[in-house]
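The next block holds one structure in the form of structure tokens; read it before the comments.
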Amino acid sequence: MGFSEARFEETEGGEMKEKPYSNKMSLKYISMAKAEKLKSLILARIQVARLNLWVTRALSMLMLLGITMQLKSLGETVSSSRTPTSTFSYPLPPERVYENNGYLMVSSNGGLNQMRSGICDMVTVARFLNVTLIVPELDNTSFWNDYSQFADIFDVEYFIASLRDEVRILKELPPQQKEKVAESLFSMPPISWSNMTYYYNVILPRIQTNEVVHFQKTDARLANNGLPVEVQKLRCRVNYEALRFAPPIQALAEKIVRILRDKGPFLVLHLRYEMDMIAFSGCNEGCNEQEIDELTKMRYAYPWWKEKVIDSVQKRLAGLCPLTPEETALTLRALGIDHNIQVYIAAGDIYGGERRLATLRAAYPNLVKKETLLPSSELDPFRNHSNQMAALDYYVAVQSETFVPTNGGNMAKVVEGHRRYLGFKKTILLDRKAVVDLVDLYKAGSISWDKFSSEMKEAHADRMGNPAERLVIPGKPKEEDYFYTNPEECLASFDEPQLSNDDHQQEP
């Protein structure tokens, strides 16, 4: 019988009547039910409250963890202004995770190409020592007085992001380390031509002790030879892939190349015959007395140009002078370079101006340079920055069908190596000793033009930038082939088919 039926009974008259005490019982059951319901409600609310408390605590922990992680990286990411992945139109490599041994600051010395190769070395050193590299500071104290910094010449965001799977690079020291170096900074020049053992055994302990170490110089701080292949390959990756020029330089350089290509093939002539080079070298072939006096005074005005008394005649005969414009014109003609080809001069102002260029222009009337291809307004932002102007010439030189340097300086060496990396593009490496010997014989009437031309071609048959083994001279790194001139470890094997220029997508 159900609970509702038990509340009533039948009387003698047949009427239904409420049972005695049923109201009290009903109230009792109702009270019990309400109590149970209230108890369940209270327990449910307690459980919800506990759940909410647990969720709140979990969320708080996650928020605290996120804040902690953000604060940990704030000093690095904010001060370095690292560009988020979403701003790049290309996929980025995953960041390399490693225990940071400290921070390396570097001041790159020299001209653009000397600094370029030094930067590649410093990235490599930082990677294999597991230290954070601060974006290198560029030399503002050189002869050219160029105050450009890294981001003025190179694409700093791409440089940092494209190498993040190898090394952590920041634009600035984090605040804590910045305060520390403001009080005291351990600064030193690493020993030239050192192998990685030197950096592991000498430099790494100094970084671990001082936390921050500053290198005063970067030129030639890694050996040419005897390094692990992975070290050499990273030097190449930095040089040929990570060091892109800043967008304004890249865009203008590409425009120069387009203008040249629209008119046909072009040869880039690195005619190193500016006043500073002639004064420094002490070579005065073809100069008049007034110019010789001017050049000599300039050389003595700079105490760090160590050579003072120079025998120009003997130095030239030894093949140690930059070729003159006149010697260059004869050489190009003798080598059979097309009279109608565009010859782009990658250089500053030629000493002696149009007077010294007359012979070269007569031989190659399509003689051009960036100043003649572009309106002044487009070059004005770069004009007072020699390294930025050199960067424009570097790009054009790498892209040319043929590259001819007239002196074995840093640009000639680094461009040669870059062109090897891009598939052994034609680079005529002039044998200056052979050139001046043949030029003197021809000008003296001792040999005919045909003999002069055939001898010149024979002397340069194997000097066209073809595959070759890098020269190694143990104990004499300055005399052996420079790594960045022939990065052999990064190049296709000699017996492998070489890619055509069109097969390479790499841009400098």
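Only a predicted model underlies this, so the values are computations on that prediction, with no experimental measurement involved. Because only heavy atoms are used, hydrogens play no part in the values below, and waters and symmetry mates are left out as well, while side chains stay in.
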Query raised in the report: In chain order, what residues pass the salt bridge (Lys or Arg N to Asp or Glu O under 4.0 Å) check against K255, with sequence neighbours excluded?
Result: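 Result, salt bridge (Lys or Arg N to Asp or Glu O under 4.0 Å) vs K255: E378.
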I'd like to know if the side chain of [X] pairs up with that of [Y] as donor and acceptor (distance under 3.5 Å, no hydrogens or angles considered).
X	Y	value
R470	N224	no
Y484	R235	yes
S148	Q388	yes
Y482	E416	no

Query raised in the report: Do other residues, nucleotides or ligands put more than 12 heavy atoms under 6.0 Å from K308 NZ?
Result: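 Result for NZ/K308: enclosed.
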Query raised in the report: Does D462 CG have over 12 foreign heavy atoms under 6.0 Å away?
Result: no
So which atom in [X] and which in [Y] form the shortest heavy-atom distance, rounded to 0.1 Å?
X	Y	value
C236	F483	SG-CZ, 3.8 Å
D152	I249	O-CD1, 3.5 Å
D431	H460	N-NE2, 2.9 Å
I341	N366	O-CB, 3.6 Å
P93	R164	O-NE, 2.5 Å
L92	A161	CD2-CB, 3.7 Å

Requested in this report: Name all residues meeting the side-chain contact (heavy atoms from CB on, under 4.5 Å) criterion together with L320; count only those two or more places apart in sequence or in a different chain, and write none if there are none.
Outcome: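 Result, side-chain contact (heavy atoms from CB on, under 4.5 Å) vs L320: K315, A318.
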**Report entry** S108: side-chain contact (heavy atoms from CB on, under 4.5 Å) partners, not counting sequence neighbours
**Finding:**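 Residues passing side-chain contact (heavy atoms from CB on, under 4.5 Å) with S108: M115, I119, P136, L138, T218.
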Query raised in the report: Where do R419 and S400 land on the side chain to side chain donor-acceptor pair (under 3.5 Å) test, with the steps shown first?
Result: CA-CA 9 Å; R419 292 173 64 84; S400 65; 3.2 Å; yes
Requested in this report: Tell me, with the steps shown, if E327 and Y273 meet side chain to side chain donor-acceptor pair (under 3.5 Å).
Outcome: CA-CA 12 Å; E327 292 167 340; Y273 206 78; over 6 Å; no
**Report entry** Within residues 333-350 or reaching into it, pairs that qualify as side-chain hydrogen bond (donor to acceptor under 3.5 Å, both in side chains) - sequence neighbours excluded
**Finding:** Y344-D393
Report task. Using the side chain to side chain donor-acceptor pair (under 3.5 Å) rule, pick out the option among R272, R432, H270 that qualifies with N407. Result ->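 Single side chain to side chain donor-acceptor pair (under 3.5 Å) partner of N407 among R272, R432, H270: R432.
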Query raised in the report: Hey, does P381 have a side-chain heavy atom less than 4.5 Å from the side chain of P248?
Result: no
Query raised in the report: Do R383 and S376 come close enough that some side-chain heavy atom pair is under 4.5 Å?
Result: yes
Query raised in the report: Which value, rounded to the nearest 0.5 Å, describes the distance between L491 atom CG and R420 atom CZ?
Result: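 Separation between the atoms: 7.5 Å.
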Could [X] and [Y] be called an ion pair, given the rule that one side-chain N must be under 4.0 Å from one carboxylate O?
X	Y	answer
R356	E326	yes
E480	K476	no
K171	E157	yes
K297	D293	yes

Query raised in the report: Can you pull the salt bridge (charged side-chain N to carboxylate O under 4.0 Å, His left out) pairs that have at least one residue in residues 443-454, sequence neighbours excluded?
Result: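 Every salt bridge (charged side-chain N to carboxylate O under 4.0 Å, His left out) pair that includes a residue of residues 443-454, provided the two are not neighbours, is K451-E455.
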**Report entry** Full working for side chain to side chain donor-acceptor pair (under 3.5 Å) between N109 and Q216
**Finding:** CA-CA 8 Å; N109 60 301; Q216 299 165 339; over 6 Å; no
Query raised in the report: Of all residues at least two apart in sequence or in a different chain, which pass the ring-ring contact (aromatic ring centres under 6.0 Å, His included) check with F266?
Result: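 So F266 forms no ring-ring contact (aromatic ring centres under 6.0 Å, His included) with any residue.
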